[in-house]
Q: 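Take a look at the following structure, please.
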2 protein chains.
Amino acid sequence: MPSPKPDLHAILDLDRTIHEPARLAILTVLAAAEEVEFLFLQRITGLSKGNLSSHTQKLETAGFLETLKAFRGRIPVTSFRITGEGRAALQAYHRQLRALLPKEGKP
Amino acid sequence: MPSPKPDLHAILDLDRTIHEPARLAILTVLAAAEEVEFLFLQRITGLSKGNLSSHTQKLETAGFLETLKAFRGRIPVTSFRITGEGRAALQAYHRQLRALLPKEGKP
DNA sequence: TGAAACTAGTTTGTAGCACAAACTAGTTTT
DNA sequence: AAAACTAGTTTGTGCTACAAACTAGTTTCA
């Protein structure tokens with residue numbers, strides 16, 4: 001009987017910053033794309049601007065992404081990059097999820 | 001290129017009732033044990049009584065568990081059972097998690 | 001026997017959070 | 001020069017997780 005039930009601590013210790021679906025979606029995109037613009041992120045996630053703005057600020061405060069402000073012509077453009085810390089946290093979160101999932105092919 | 005990035009909808013459509021770690025922990029125990037007493041649940045999860053009470057009430061309202069009130073001698077004992085609906089929802093949640101995890105063995 | 005301590009859980013109060021509407025600041029169009 | 005648009009932030013609201021305080025009864029012990 002190696003691992004009969006998923007470890008409850010693995011569940012209760014999940015990183016809440018990443019566990020929020022909106023932020024997990026954001027980090028997932030950033031992890032795949034390296035640098036992503038605000039509007040692109042808004043469109044593929046379907047989040048409202050306000051919601052996206054506050055979630056990216058929260059992820060920035062956590063150190064998981066950095067915000068890059070620039071201009072395209074005269075129009076402001078905000079982009080995001082995942083940080084090393086953010087990538088590490090996302091991978092750790094993935095490991096936590098795997099740990100709590102029952103083995104594949106269980107009824 | 002079959003499934004290059006995890007589906008963002010799979011992330012944003014996660015069942016919030018189960019996504020909350022405390023409730024996921026509760027359902028995970030119930031799924032493994034068939035019938036579980038309040039105090040046992042409290043001890044292995046480490047949740048406070050108040051917190052456990054409100055989460056189990058929420059899960060009951062969602063139809064995911066049933067509450068059984070009884071007496072042991074003259075002492076009241078509350079137990080819980082996962083419902084068929086609850087088991088199905090937990091399995092669906094597990095499938096959703098698997099869908100959003102990158103393939104095993106990715107950097 | 002009656003007061004104190006314990007059992008088993010619920011209700012209440014609070015701080016924090018997700019979310020969208022309203023707003024800011026500037027640009028382009030008409 | 002007014003109207004409409006772009007890009008994003010701030011504000012307000014309603015919900016939610018959490019523990020402290022409470023309810024209702026039981027057992028211990030002085």
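Below, chain A is the first sequence line, B the second, and so on; all start at residue 1. This structure is a prediction, so every number in the text was calculated from the model and none was measured.
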Q: Have a look at B:Arg72 and say if it touches a base, only the backbone sugar-phosphate, or nothing, with a 4.0 Å heavy-atom cut-off.
A: nothing

Q: Between B:Arg16 and D:dC15, does any side-chain N or O lie under 4.0 Å from OP1 or OP2?
A: no

Q: Taking B:Glu60 first and then B:Arg23, would you say they form a salt bridge - that is, a charged N and a carboxylate O separated by under 4.0 Å?
A: no

Q: Students often get this wrong, so: under 4.0 angstrom with heavy atoms, is B:Leu39 touching a base, only sugar-phosphate, or nothing?
A: sugar-phosphate

Q: Counting only side-chain nitrogens and oxygens, does B:Asn51 get under 4.0 Å of the OP1 or OP2 atom of D:dA17?
A: no

Q: Does C:dG9 have OP1 or OP2 under 4.0 Å away from a side-chain N or O of B:Ser53?
A: no

Q: Whole angstrom is fine here: how far is it from CZ in B:Phe40 over to P in C:dA8?
A: 15 Å

Q: Do B:Val29 and A:Leu8 have side chains that get closer than 4.5 Å, going by heavy atoms?
A: yes

Q: Is any side-chain heavy atom of B:Val77 closer than 4.5 Å to a side-chain heavy atom of B:Phe71?
A: no

Q: Apply salt bridge (charged side-chain N to carboxylate O under 4.0 Å, His left out) to the pair A:Glu37 and A:Arg72, showing each step before the final yes or no.
A: CA-CA 11 Å; A:Glu37 293 180 12; A:Arg72 169 149 40 251; 2.8 Å; yes

Q: Ignoring hydrogens and geometry beyond distance, is a side-chain donor-acceptor pair present between A:Asn51 and A:His55 at under 3.5 Å?
A: yes

Q: When the nearest nucleotide of DNA chain D is assigned to B:Ala22 and to A:Glu37 on a heavy-atom basis, which residue is associated with the more 5' position?
A: A:Glu37

Q: Examine D:dT9: is either OP1 or OP2 under 4.0 Å from a nitrogen or oxygen in the side chain of A:Lys69? Give yes or no.
A: yes

Q: Is any side-chain nitrogen or oxygen of B:His55 closer than 4.0 Å to OP1 or OP2 of D:dT16?
A: no

Q: Please tell me if B:Lys58 has a side-chain N or O lying less than 4.0 Å from either OP1 or OP2 of C:dT10.
A: no

Q: On DNA chain C, check which nucleotide each of A:Glu20 and A:Gly50 is closest to and give me the residue with the more 5' one.
A: A:Glu20

Q: Which nucleotide wins on minimum distance to the side chain of A:Gln57, given the candidates D:dT26, D:dT10, D:dA7?
A: D:dT10

Q: Under 4.0 Å between a side-chain N or O of B:Thr78 and OP1 or OP2 of C:dA8?
A: no

Q: Whole Å only: how far is the CG atom of B:Leu52 from the P atom of C:dG9?
A: 9 Å

Q: Closer to the 5' end of DNA chain C via nearest nucleotide, is it A:Pro76 or A:Lys49?
A: A:Lys49

Q: Rounded to whole angstrom units, what separation is found between the CG atom of A:Leu47 and the C1' atom of D:dT9?
A: 15 Å

